[in-house]
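Quick caveat: nothing in here was measured; it's all calculated off a predicted structure.
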Amino acid sequence: MGRHEKLIDPANWASLKPFGIGEGRPNNYLEIVKAVRENRDRLGYAWRILRRGTCDGCALGTKGMRDWTMDEVHLCNVRLRLLRLNTMPPLDSALLRDAGGLARRSSAELRELGRLPEPMVRRAGEPGFTPIDWDSALELVAARLRESDPRRAGYYLTSRGVPNENYFAAQKAVRALGSNSIDNAARICHSPSTFGLKGALGVAATTCSYRDWIGSDLIVFVGSNVANNQPVAMKYLYHAKKAGTKVVSVNAYREPGMERYWVPSNVESAVFGTKVTDRFFDINVGGDIGFLNGVFKHLVEHGWLDRSFVDEHTTGFAELVATLDGQSWEDLEALSGSTRQEMLALAEMLRDARTAVFVWSMGITQHEFGEDNVRAIINLGLSKGFVGRANCGLMPIRGHSGVQGGAEMGAYATVLPGGVPIDEANVARLSALWGFPVPDWTGLTAPEMIDAAHEGELDVLVSSGGNFLEVLPDPAYCRRALSRIPLRVHVDICLSSQMLVDPADVVLLLPAQTRYEMAGGVTETSTERRVIFSPEIPGPRVPSAWPEYRIFGELAARARPELASSVRYGNTAAIRADIARAIPSYQGIEKLAGFGDEFQYGGPHLCADWRFPTPDGKARFSAVRLPDLRRPDGTFMVATRRGKQFNSMVHERRDPLNGAVREAVLMNPHDADRLGLPDGAAVVLTSASGSLTGRVLRAPVTPGNLQVHWPEGEVLIDRSRRSPQAVMPDYNAVVRVEPASQSRVSTPDSAPEVTR
């Protein structure tokens with residue numbers, strides 16, 4: 001650690017009210033009570049999962065309830081709310097006979113019915129699903145795959161709880177079937193980060209470790225809200241603050257949880273709370289490049305960079321400076337929604353910092369220019385060599401335990417295992433290693449699969465987890481696309497709304513095992529590149545559920561019998577051995593076999609001692625141009641946010657951190673006054689794609705900007721707006737706001753009203 005922690009530090013206390021009584025905060029102790037109540041029928045199993053399993057929540061990564069950053073207990077609300085997905089018994093198959101009735105239930109209600117009990121099939125014209133044996137189900141799919149052009153099939157895996165072994169085996173099976181059209185949730189999370197980091201530094205992952213937060217001079221969060229999405233990180237920030245670390249937040253909304261937080265497992269913070277962010281910099285939605293370029297412009301003009309590092313270890317600096325010279329302060333202010341003085345304030349903090357860590361999330365990546373957003377952050381990270389050394393780093397923080405490994409295992413349409421490009425040399429190496437020709441063409445990304453389906457150009461979709469109706473823009477478009485696919489195969493542990501879309505021909509439901517049920521154990525890769533073993537946890541089982549690696553392997557083996565020995569695995573240890581052969585950076589995974597086994601590929605710091613794995617051995621500055629975000633007078637820019645939820649799985653109607661219910665439209669008080677809208681006023685937001693009805697909640701949002709919950713707000717999103725390299729959908733929209741009649745507003749127990 002860079003600094004010594006104070007034992008007690010009243011300067012960081014958030015409130016003198018014991019335990020934050022009356023303050024906006026999550027009731028962490030009540031969450032424990034809820035978890036006990038939800039899992040009371042299988043409490044012993046739930047406890048064993050918490051004690052011995054590797055967390056299947058966010059990608060911070062724990063072994064049981066401890067990690068590698070500090071010797072303390074970790075148990076967050078996210079993990080507690082996900083626990084029931086692993087312990088609940090199977091549902092009654094008879095419930096699936098009426099798909100129409102199930103379709104009227106909310107996603108939460110569908111999950112609460114229980115686990116998928118056995119393979120089920122529904123054919124066009126049938127009212128619901130009926131049981132089918134595994135052999136018949138697999139033969140049905142294999143026959144379609146044999147008949148179909150590999151370019152007319154798509155495969156998708158979500159990231160919640162999916163281990164590396166399933167990703168790797170699935171992508172290998174898909175490539176044995178002659179396709180690269182396999183994608184996962186990383187596509188719509190941090191794919192722009194991958195492109196930005198790889199191009200600038202030669203690496204495509206977080207460069208530092210969580211422990212680098214504690215004792216760093218400065219942590220800069222950009223478009224990231226770890227209080228909601230990675231709550232364990234708040235404990236790291238508590239210790240960082242006690243060590244004297246300054247915390248900065250650059251965002252369009254002053255997240256209350258990033259301002260003050262009560263860490264339940266630290267007595268001081270639990271009682272008095274912790275002031276988290278020292279300085280908020282308020283910007284427009286999409287104004288990150290304008291603000292960050294302005295900060296860099298100040299650093300250049302005042303000579304506050306580490307010129308020795310810049311001259312010896314980087315390229316592209318002159319081009320960046322020339323680009324900034326052409327960007328006026330007026331343009332930077334207009335785009336960012338901030339001021340030249342605010343940009344100077346952050347530049348001064350960077351000037352004074354010897355060490356700094358930059359952390360960002362989907363507020364940065366989920367834009368049409370997401371890659372350039374990331375490059376603008378990297379530019380600041382390179383300004384004083386804030387990379388490759390202790391208490392420094394560039395960290396795209398992950399929200400799912402499986403998302404980091406998903407792309408690195410090769411379950412990605414645009415790269416091969418290890419994140420290497422689909423080029424002649426890499427294709428030849430894997431073809432020789434695996435004994436079958438690996439396709440040499442770029443596959444369909446997840447959004448492109450839906451486009452192909454909508455145009456009648458997709459014959460088969462195998463979706464393992466996930467729910468396109470809730471994660472991609474324009475749900476009505478996605479529904480039409482799904483309804484046009486002749487064969488849909490949904491592999492999951494419980495029901496989701498996309499399974500209930502009427503079949504064009506056949507829909508199959510195949511029950512999967514959770515990570516804790518898989519014999520031989522599995523691994524996950526955390527945000528800090530730590531590959532962690534998670535053992536099988538003894539407990540009740542769904543007898544008909546299969547591990548996903550076996551499902552994908554059987555599909556490929558039956559469709560291509562001559563390759564059966566290449567795609568079938570006898571156990572997870574065999575998969576780990578194959579991973580080690582295929583991905584050099586993952587060598588060592590084959591040795592992981594017991595609880596607590598782990599290794600951090602690349603070590604604590606990538607690019608250590610400023611050695612960059614680029615062609616010339618240097619990091620590269622990027623000349624980032626300003627995006628055109630002009631919008632008509634009287635309109636707002638709306639961003640989609642997360643509340644009390646995990647991905648699209650909503651856990652509570654009300655977010656305890658800010659009091660926002662699901663239909664809330666977060667609006668700046670000055671904008672609300674200008675429009676004559678009191679708190680709770682019914683409004684309709686209308687974009688070029690659709691409309692959403694909600695209620696005003698006055699909040700510290702930058703004027704001219706709004707926030708609504710995701711996935712409810714997806715009806716407003718233009719599905720055609722995607723980033724150029726990563727094909728990342730832009731989850732923001734330009735909207736008009738009008739008062740709504742009371743009849744149009746959703747009732748308290750329902751979702752906001754949406755139209756197209």
Handout entry: Candidates Ile377, Val220, Asn373 - the one meeting side-chain contact (heavy atoms from CB on, under 4.5 Å) with Leu292
Key = Ile377
Problem - Partner residues of Asn251 under the side chain to side chain contact (heavy atoms under 4.5 Å, CB included) criterion, sequence neighbours left out - result: Ser249, Glu255
Return all side-chain donor-acceptor pairs below 3.5 angstrom for residues 342-353, not counting sequence neighbours, or 'none' if the list is empty.
from   : atom 1 : to     : atom 2 : distance (Å)
Glu342 : OE2    : Arg279 : NH2    : 2.6

Practice task
With sequence neighbours left out, write down each residue that passes salt bridge (Lys or Arg N to Asp or Glu O under 4.0 Å) with Asp183, or none if nothing qualifies.
Solution key: Arg187
Handout entry: Partners meeting ring pair (Phe, Tyr, Trp, His ring centres under 6.0 Å) with His605 (sequence neighbours left out)
Key = none
Exercise for the section: For the pair Phe281 and Phe291, name the ring-plane relationship: parallel under 30°, tilted 30 to 60°, perpendicular over 60°. Expected result: tilted
Exercise for the section: Check for a donor-acceptor pair, side chain of Ser209 on one end and backbone N or O of Glu528 on the other, with a separation under 3.5 Å. Expected result: no
Handout entry: Counterpart residues, ring pair (Phe, Tyr, Trp, His ring centres under 6.0 Å), relative to Phe272 (two or more places apart)
Key = Trp13
Problem - SB check Glu259 Lys275 (cutoff 4.0 Å) - result: no
Exercise for the section: List for me each residue that meets ring pair (Phe, Tyr, Trp, His ring centres under 6.0 Å) alongside His298, sequence neighbours excluded, and say none if there are none. Expected result: His302, Trp329
Practice task
State whether Trp710 and Arg641 meet the cation-pi test: NZ (Lys) or CZ (Arg) under 6.0 Å from the six-membered ring centroid, and within 45° of the perpendicular axis.
Solution key: no
Practice task
Take Asn184 and Tyr412 through the side-chain contact (heavy atoms from CB on, under 4.5 Å) test and state the conclusion after the steps.
Solution key: CA-CA 6 Å; Asn184 76 82; Tyr412 223 40; 3.6 Å; yes
Fill in the blank from the handout: The reported gap from CZ in Arg354 to CG in Asp217 (rounded to nearest 0.5 angstrom) is 4.5 Å
Problem - Contacts of type salt bridge (Lys or Arg N to Asp or Glu O under 4.0 Å), residue Arg81, not counting sequence neighbours - result: Glu31, Glu38, Glu652
Practice task
Would you check if there is a donor-acceptor pair between the side chains of Ser308 and Glu312 at a distance under 3.5 Å?
Solution key: yes
Problem - salt bridge (Lys or Arg N to Asp or Glu O under 4.0 Å) partners for Asp578, two or more places apart - result: Lys172, Arg581
Problem - Arg625 (side chain) donor-acceptor with Thr323 (main chain) under 3.5 angstrom - result: no
Practice task
Say whether Ser534 and Glu524, considering side chains only, have a donor N or O and an acceptor N or O under 3.5 Å apart.
Solution key: no
Practice task
Among Cys189, Ser224, Pro192, find the one that has a side-chain contact (heavy atoms from CB on, under 4.5 Å) with Met362.
Solution key: Cys189
Practice task
Before accepting this row, confirm whether a basic side-chain N of the pair Asp730/Arg722 lies closer than 4.0 Å to the acidic partner's carboxylate O.
Solution key: no
Fill in the blank from the handout: Applying salt bridge (Lys or Arg N to Asp or Glu O under 4.0 Å) to Lys242 and not counting sequence neighbours gives Glu268
Exercise for the section: Inspect the contact between Asp616 and Lys618 and indicate whether a charged nitrogen and a carboxylate oxygen are less than 4.0 angstrom apart. Expected result: no
Ignoring hydrogens and angles, write down the donor-acceptor pairs under 3.5 Å from the side chains of residues 584-599, residues two or more places apart or on other chains.
from   : atom 1 : to     : atom 2 : distance (Å)
Tyr586 : OH     : Glu408 : OE1    : 2.5
Tyr586 : OH     : Thr525 : OG1    : 2.8
Glu590 : OE1    : Gly588 : N      : 2.8
Asp597 : OD2    : Ala593 : N      : 3.0
Asp597 : OD2    : Gly594 : N      : 2.8
Glu598 : OE1    : Arg530 : NH1    : 2.8

Practice task
With sequence neighbours left out, write down each residue that passes side chain to side chain contact (heavy atoms under 4.5 Å, CB included) with Cys392, or none if nothing qualifies.
Solution key: Thr355, Phe386, Arg389
Practice task
Indicate yes or no: does Arg515 engage Asp56 in a salt bridge with an N to O separation below 4.0 Å.
Solution key: no
Handout entry: Under 3.5 Å: donor-acceptor pair, side chain of Ser216, backbone of Ile219
Key = no
Problem - Derivation of the side-chain contact (heavy atoms from CB on, under 4.5 Å) call for Leu157 and Ile182 - result: CA-CA 8 Å; Leu157 289 88; Ile182 180 168; 3.7 Å; yes
Handout entry: For Pro256, all residues meeting side chain to side chain contact (heavy atoms under 4.5 Å, CB included), sequence neighbours excluded
Key = Tyr253, Asn658
